[in-house]
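Below: the structure, in structure tokens.
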Amino acid sequence: MVTFSICNSMHRFFASRCVFPVYERLRGGSFWSGFLRLKEAQWYDAAALQELTFRRLVPLLSHAYVNIPYYRELFDASGISPADIHTLEDLSLLPVTTKQDLREGFPARVTLPGFSLSRVQRKVTSGSTAKPFELYADLEHMDVVRSSYLFFWDWAGAGPWTPLIRIAAPPHLYDEESGLMKAVRRCLIGEQRLILGGKDTTLEDLLEAIRRIAGRRDYCIWTFPSYAARLAGELLDQGIGLPRYPSVLISYAETLTDGDKELMARAFRCNVINNYGLLEAPFLAQTCPDNPEMLHVNCDRAVLRLVKEDGSTAEPGERGRIVITDLTNYVMPFINYETGDYGVAGGPCSCGRGLPTLASLDGRAIEVIRTPNGSIVSSGCLGHVLNQKCNAAEFIRQFQAVQSSPERVELRVIPAPGFSEDGVVQIQKELERFLGDGMIVRVEPVEKIELEPSGKRLVVKSEL
């Protein structure tokens, strides 16, 4: 890992020893002490961490039953009470709650009656898969989010004092802090950020941002993978080097395919880290700092369950829907909440941390191909086939599979310099073999892949 500059080290020392502890004491919050607690607790064994998580779950369930009409009705209809939940696995006794369930009950049936708007943060999701979803989070919840942010960024070898280039989708991810607040934060903790509008960012924009923010200092990039992969492809195609390479690239908000990860690692010459979270519940999981093949779940933040199609819990190596229970939001609880994402369950990690694991994130529930023989192929699985079986990363920059009928898939690809007709034939044959009898695959070279209205890219798009 690249050594921090002297300036960054001074800001880190000053912020951690003075600014954050004093600010927390004056404000009465817990974000810094929560971060320190997370750093210690990550090394507890799995049983101890499960016990700590369960202790946080119990008061949330009782609160939701007493105060939130939707959850009281859900418990009663299931014939159980919060007292019947004795383990984390007992959450399976409750039906899964969907975004549509909460949308239909919002706000009267799914939020705390009489809460003060001055004590909550209002959020609106990007609407990547449906119309935008409105929610509330209490301020105590936001302290846990900040602790989790510090914790995961510490894993990445970075922090608020590390210069940051954020390549995001406008407008909802843009920083709206005043210039005065930015100046104060930069003075006290060295925070310096540049935000680039992802789909409109050119290679020249990126190079200028690096010249402005990096100098001789380490910096990091926080980005949607589709934006970084496009820029990475341009860097490699044009043979351009960066003025200074980042110490780490953190991917979030979209499915990170094997091909995109490999492409970004080659172009940016740094570790590529996968961070998983939702606007409803940020900073849920991230690539293990010692084992890049595994992600760890922040069980201080939420209970994350993988549920198979038959409703049972996924065992290590098995795929399932990601269902979470946010342990911190008492204003608008998310209990047994289906995220719309798929993952593969992991086993114990070789790093020695007791935190739960994910072997991989397998894409959004809507990002699937349905084959004539009844199989469901996720975006993560498709990316693995293209990268491992077809070596597609050698001759395509990005791809999107569009299923236009039950027996037809069009693979839109942005060609790299090595793209050829032989490669097209290889991909078509391999995918048709993988997807099974009755499926026709056509490869279509394109100049760009259109983004959704939210500014995000779907790796698999179904028109069925």
Item to check | Minimal non-hydrogen separation, D90 against I85, with atom names | outcome: O-CD1, 3.3 Å
Next on the checklist: Could you check whether R109 pairs with E73 (Lys NZ or Arg NE/NH1/NH2 to Asp/Glu carboxylate O, under 4.0 Å)?
Outcome noted: yes
Checklist entry - Would you call R119 and D138 a salt bridge, using N to O less than 4.0 angstrom? => result no
Checklist entry - Does a salt bridge link R193 with E191, judged by any charged N lying under 4.0 Å from a carboxylate O? => result yes
Item to check | Over 12 non-hydrogen atoms of neighbours within 6.0 angstrom of NZ in K39 | outcome: no
Checklist entry - Can K261 and D258 be counted as an ion pair, charged N to O under 4.0 angstrom? => result no
Item to check | salt_bridge(E452, R457) N-O dist < 4.0 Å | outcome: no
Next on the checklist: Pairing donors with acceptors under 3.5 angstrom, does anything connect the side chains of W161 and Q192?
Outcome noted: no
Item to check | Nearest non-hydrogen partners of M332 and F133, listed with the distance | outcome: CE-CZ, 3.9 Å
Checklist entry - Between atom NE2 of H296 and atom CD of Q286, what is the distance when rounded to the nearest 0.5 Å? => result 10.5 Å
Item to check | E367 side-chain N/O to R364 backbone N/O, donor-acceptor pair under 3.5 Å | outcome: yes
Item to check | Any donor-acceptor N or O pair under 3.5 Å, side chains D341, Y276 | outcome: yes
Next on the checklist: Just to verify, which of E338, E280, E104 counts as forming a salt bridge (charged side-chain N to carboxylate O under 4.0 Å, His left out) with K99?
Outcome noted: E280
Next on the checklist: Pair K448, E450 - check salt bridge (charged side-chain N to carboxylate O under 4.0 Å, His left out), show working.
Outcome noted: CA-CA 6 Å; K448 68 176 182 177; E450 296 297 333; 3.8 Å; yes
Checklist entry - In this structure, which one of F151, Y149, F20 forms a ring pair (Phe, Tyr, Trp, His ring centres under 6.0 Å) with F31? => result F20
Checklist entry - Counting N and O atoms only, with roles assigned by atom type, does the side chain of T357 sit under 3.5 Å from a partner on the main chain of L295, one being a donor and the other an acceptor? => result no
Checklist entry - Got a second to check how far L306's CG is from R321's CZ, nearest 0.5 Å? => result 10.5 Å
Next on the checklist: Going by the rule salt bridge (charged side-chain N to carboxylate O under 4.0 Å, His left out), which residues pair with E24 if we only count those two or more places apart in sequence or in a different chain?
Outcome noted: none
Checklist entry - Can you tell me how far CH2 of W32 sits from CZ of R27, rounded to the nearest 0.5 angstrom? => result 14.5 Å
Checklist entry - Any sub-3.5 Å donor-acceptor pair from R353's side-chain atoms to D45's backbone N or O? => result no
Checklist entry - Checking N275 side chain against Y252 main chain: does a donor-acceptor pair fall under 3.5 Å? => result no
